[in-house]
Colleague: 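I'd like to ask you about the structure that follows.
We count ligands from 1, going down the list as the structure has it; atoms in each ligand are counted the same way. These numbers come from the heavy atoms of this one structure, side chains and all, not from hydrogens, waters or symmetry mates.
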Amino acid sequence: MSKQFIPFNKPIELTDVEMVSRSNKFHDFMKTRRTIRDFSRKEVPLEVIDNCLRTAGTAPSGANQQPWHFVVVRDASLKTQIRIAAEEEEKQFYAGRAGDTWLETLEHLGTDAHKPFLEEAPVLIAIFEQKYAVNEQGDKIKHYYAKESVGIATGMLITALHNVGLVTLTHTPSPMNFLTKILKRPAGERPFLLLVVGHPAKDVQVPHLDKKDLPDMSSNF
Ligand code: IYR
């Protein structure tokens, strides 16, 4: 593809004071995001999910290859199939495959192999990383920094969903190959994670967690 450049119109122009205020407000809002493991069955408009996916699709990616695919699952029988397959993997995970150290590290979250949210939540978004694309001649086109790119897009998706008051669970049953089979995805794609999306169940509780303070996660020179 030949090089083509167009003018960049800076979308927002703030003073330093306005930037401080806006960054504080955004942080105050983002720190209210919590991972939720108990969902209500209340539906979510598809248009909202589509718009949040459009936001995810604005993410930067290696060579702008956009190496992601999002499968939105609302169909009850597909959700049941996913729950059955995920719980099968999770049973083995919690019965020993994880190893004692991993299970001890997880203990404070109170998770187990039981995953009712996979049927109860109105929307599951299976996120796939495209390791390569296949062109019309059938050649494989390698994607660069695919994992980093799909990770960034997923973070933006989680942020977009939080912005409309929905809650999410980043679920990573391991291994996740069953998603490729159930959702009939092509060979160049690997399941990246399963995002559970909806409204929280009534009176849901969350673990009391601390986030790192700035000095514990950043430094200045
Ligand atoms: N995938 C399992 C285990 C699990 C692993 C991590 I790392 C977590 O932060 C939470 C759970 C499960 O979903 O239960």
Colleague: Regarding ligand 1, does Arg37 bring an N or O atom to under 3.5 Å of one of the ligand's N or O atoms?
Modeller: no
Colleague: For Thr105, which part has a heavy atom under 4.0 Å from ligand 1: side chain, backbone, both, or neither?
Modeller: neither
Colleague: Near Lys115, which atoms of ligand 1 are under 4.0 Å from a heavy atom of that residue?
Modeller: 12 (C), 13 (O), 14 (O)
Colleague: Using side-chain contact (heavy atoms from CB on, under 4.5 Å) as the criterion, point out the one residue from Val167, Leu209, Thr168 that pairs with Arg34.
Modeller: Leu209
Colleague: Can you see whether Gln205 engages Asp203 through a side-chain donor-acceptor pair at a distance of less than 3.5 angstrom?
Modeller: no
Colleague: Please verify the inter-ring angle class for His171 with Phe117; under 30° counts as parallel, over 60° as perpendicular, anything in between as tilted.
Modeller: perpendicular
Colleague: My understanding is that we take every heavy atom of each candidate and find the minimum distance to atom 4 (C) of ligand 1. Doing that for Thr35, Leu169, Leu106, Asp112, which one comes out nearest?
Modeller: Leu106
Colleague: As an exercise, state the distance from CE of Met19 to CG of Leu14, rounded to the nearest 0.5 Å.
Modeller: 6.5 Å
Colleague: By number and element, which atoms of ligand 1 are closer than 4.0 Å to a non-hydrogen atom of His171?
Modeller: 13 (O)
Colleague: Looking at atom 7 (I) of ligand 1, what's its closest protein heavy atom, distance included?
Modeller: Trp102 NE1, 3.6 Å
Colleague: Between Glu129 and Arg190, is the closest basic N to carboxylate O distance under 4.0 Å?
Modeller: no
Colleague: Output the list of atoms in ligand 1 that are nearer than 4.0 Å to some heavy atom of Phe93, sorted by atom number.
Modeller: 3 (C)
Colleague: Taking 4.0 angstrom as the limit and counting only heavy atoms of Leu109, give me the atoms of ligand 1 inside it, by number and element.
Modeller: 9 (O)
Colleague: Is it the case that atom CD in Gln4 sees more than 12 heavy atoms from other parts of the structure closer than 6.0 Å?
Modeller: no
Colleague: Evaluate side chain to side chain donor-acceptor pair (under 3.5 Å) for Gln66 paired with Ser61, printing each intermediate quantity in order.
Modeller: CA-CA 6 Å; Gln66 306 167 60; Ser61 63; 5.4 Å; no
Colleague: Is there a polar contact between ligand 1 and Thr172, counting only N or O atoms under 3.5 Å apart?
Modeller: yes
